[in-house]
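One structure is given here, and the rest of the page talks about it.
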Amino acid sequence: MPKRIIPIASGKGGVGKTTFAVHFALELSRRAPTVLVDLDTATSSLRNTLRVPITHDLYHFHRKGHRLAECVTQLDGALDRRGRFRDFGFVAGPIHYLEDLAAMGPELRRRLASEIASLPADYVVLDLRAGVDATVLEFLPYTNSGVLIFTPQLPQAAAAAADLVKAVVFRTLRVVFGARSGVFELPGIAAGRELIGDLLGRAEDAYDSSVPSLDYLLRDLRDVYGDHPLVSALGELLTDFRVHYVLNQFDGVEASHERAVVPFVRTLSDGVSARLELTQLGWLAQDAALHRANCQGRPVLLDDEAPRARTAAGDPLLAELQALRSAALGLDRRPSERIARQRTLAVAKDPVDALLGEQLDRLRTIFAGGGGGGVRENLSYCVARALALMQPPRLPTEFGMTQLAPPEQLVRWLLRRMPVAAAAGSEAAGPVR
Ligand SMILES: Nc1ncnc2c1ncn2[C@@H]1O[C@H](COP(=O)(O)OP(=O)(O)O)[C@@H](O)[C@H]1O
Ligand SMILES: [Mg+2]
């Protein structure tokens, strides 16, 4: 299986990124070799959550010239008594605060990104820090959000997660419409550089209400360029942009919907776009034992689980996965009615209501489909959904990157989707991963 890089981000701190990243990576490692990397290099919380002797960490990578792969720590017999997590490893942050590691300058970020891509593992999970600066954005893909964590317990967390999505989407658009992108060489668009730059600036500026979101930007562009392929490609770029999220400290379908999903969806659709595709991977229940185990440096998954009744014949995990692929769980690849409508570029009457209805349905489906229950069930549910999303064949926009894609690939991919560019002989390029 090819390697997939899965960043865990939140915008806000203290919402459960590290908790989710650790348990998610442990659970993934039961399927295939997995490495978890601590990129919250200012607080280095992984080494407290997984209390095991560490001989090499990011200090050795950064200051001592070690390869990142040499800084992977595995669990010892004390943490993993029955050897169930032999395929799990993690790269810890430094023991003490180190200014140059905490600040992560461009050179360190570039080296880290390149070594992350060559770690010997099938899955690489990145535990990112809070905020939306380059130390977070550069480890996120251009075409989806990674896994976003927010929680109904902290209402601001939903807005922070939406802000992170906004930052990723605008970073992508800045690349697409950047000085070196070639988009402006397309017939009929050459004079648009200034106009598009101006519209993007207004759409990004939350204080400027003349272009509240990218949906308005699209409308304005359509007014100027009609159905120019660039306009429809931009519409599709937004429709294809995938947001994947997990609710932490979930406290019931209706309450979590009201306190976390609604503000998230509203912030996104008001300030970014109502066209984005939102996929909820599942949730993690509030659990005192989980928190205690975190504090003791021994994640709950490491304890033996109570024997579970296994019903499916053969491989129960496979059976679970196949069941999860069903359209009923919303992971089929056929575009929903909402998206089919959007693809025509028609302006939906109530895009936000449609989005919200879809998300609430999804919450109810997860609840009914076994995603509820305790944290173990929550985790295997999230992992099964994540694995289903990573099944080939895949589009460049899908979950789980195979590399931290360089932006030029994104532009080439976008240009290739435009008939005008294809006719103009735009060179073939590998898809964005
Ligand atoms: N589902 C949960 N139930 C109980 N406590 C949790 C849960 N998720 C996180 N916590 C606790 O909340 C605190 C913040 O979580 P953490 O994963 O460190 O957040 P982040 O990495 O986003 O800063 C930690 O003390 C953690 O143990
Ligand atoms: Mg953390």
Side-chain angles (χ1 to χ4, degrees), residues 6-27 36-51 57-58 90-95 97 101-102 104 125-133 135-137 139-140 145-165 244-253 255-256 259-260 264 280-303 363 366-367 371-383:
I6 307 158
I8 314 292
S10 73
K12 192 158 171 48
V15 298
K17 280 181 301 300
T18 299
T19 303
F20 180 77
V22 166
H23 290 87
F24 184 69
L26 282 169
E27 186 75 31
L36 169 63
V37 183
D38 193 345
L39 289 181
D40 189 358
T41 49
T43 57
S44 306
S45 49
L46 266 193
R47 59 190 310 140
N48 298 316
T49 312
L50 289 159
R51 231 159 272 167
D57 56 29
L58 284 177
F90 70 103
V91 177
I95 297 183
Y97 180 85
L101 252 175
M104 264 211 268
V125 179
L126 308 178
D127 181 21
L128 297 180
R129 67 173 65 176
V132 288
D133 60 19
T135 62
V136 172
L137 288 178
F139 295 97
L140 287 170
S145 67
V147 179
L148 280 181
I149 312 284
F150 53 99
T151 164
Q153 312 305 326
L154 275 179
Q156 328 77 293
D163 280 349
L164 186 58
V165 175
H244 308 97
Y245 67 95
V246 169
L247 294 177
N248 189 24
Q249 301 183 298
F250 171 85
D251 59 356
V253 169
S256 295
R259 295 217 307 273
F264 180 64
Q280 188 172 157
L281 288 182
W283 62 68
L284 266 192
Q286 165 105 39
D287 186 303
L290 181 80
H291 177 64
R292 261 196 319 276
N294 269 350
C295 297
Q296 287 162 2
R298 184 184 173 78
V300 283
L301 280 184
L302 297 179
D303 289 324
L363 272 174
I366 295 173
F367 199 69
V375 284
R376 282 177 195 277
E377 287 78 23
N378 297 161
L379 280 162
S380 42
Y381 192 85
C382 290
V383 165

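All values below come from the heavy atoms of this structure, side chains included, with hydrogens, waters and symmetry mates left out. Source: prediction; values computed, not measured. Whatever order the structure lists them in is the order used to number ligands and atoms, beginning at 1.
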Residue shell around ligand 1, heavy atom under 4.0 angstrom: G13, G14, V15, G16, K17, T18, T19, N248, Q249, A285, Q286, D287, L290, H291, N294
For residues [X] and [Y], is any side-chain donor paired with an opposing acceptor at under 3.5 Å?
| X | Y | result |
| --- | --- | --- |
| D40 | T43 | yes |
| D38 | S44 | no |
| T49 | N294 | no |

Test side chain to side chain contact (heavy atoms under 4.5 Å, CB included) applied to V125 and F24, step by step: CA-CA 8 Å; V125 179; F24 184 69; 4.2 Å; yes
Total protein N/O/S atoms whose distance from the Mg ion (ligand 2) is less than 2.8 Å: 1
Any donor-acceptor pair under 3.5 Å from T151 side chain to N248 backbone: yes
Side-chain donor or acceptor of K12 paired with backbone N/O of G131 under 3.5 Å: no
Partner residues of V375 under the side-chain contact (heavy atoms from CB on, under 4.5 Å) criterion, sequence neighbours left out: L284, A285, D287, L290, V300, N378
Residues that T41 engages under side-chain hydrogen bond (donor to acceptor under 3.5 Å, both in side chains), provided they are two or more places apart: R129
Residue from L36, V147, L126 passing side chain to side chain contact (heavy atoms under 4.5 Å, CB included) with I6: V147
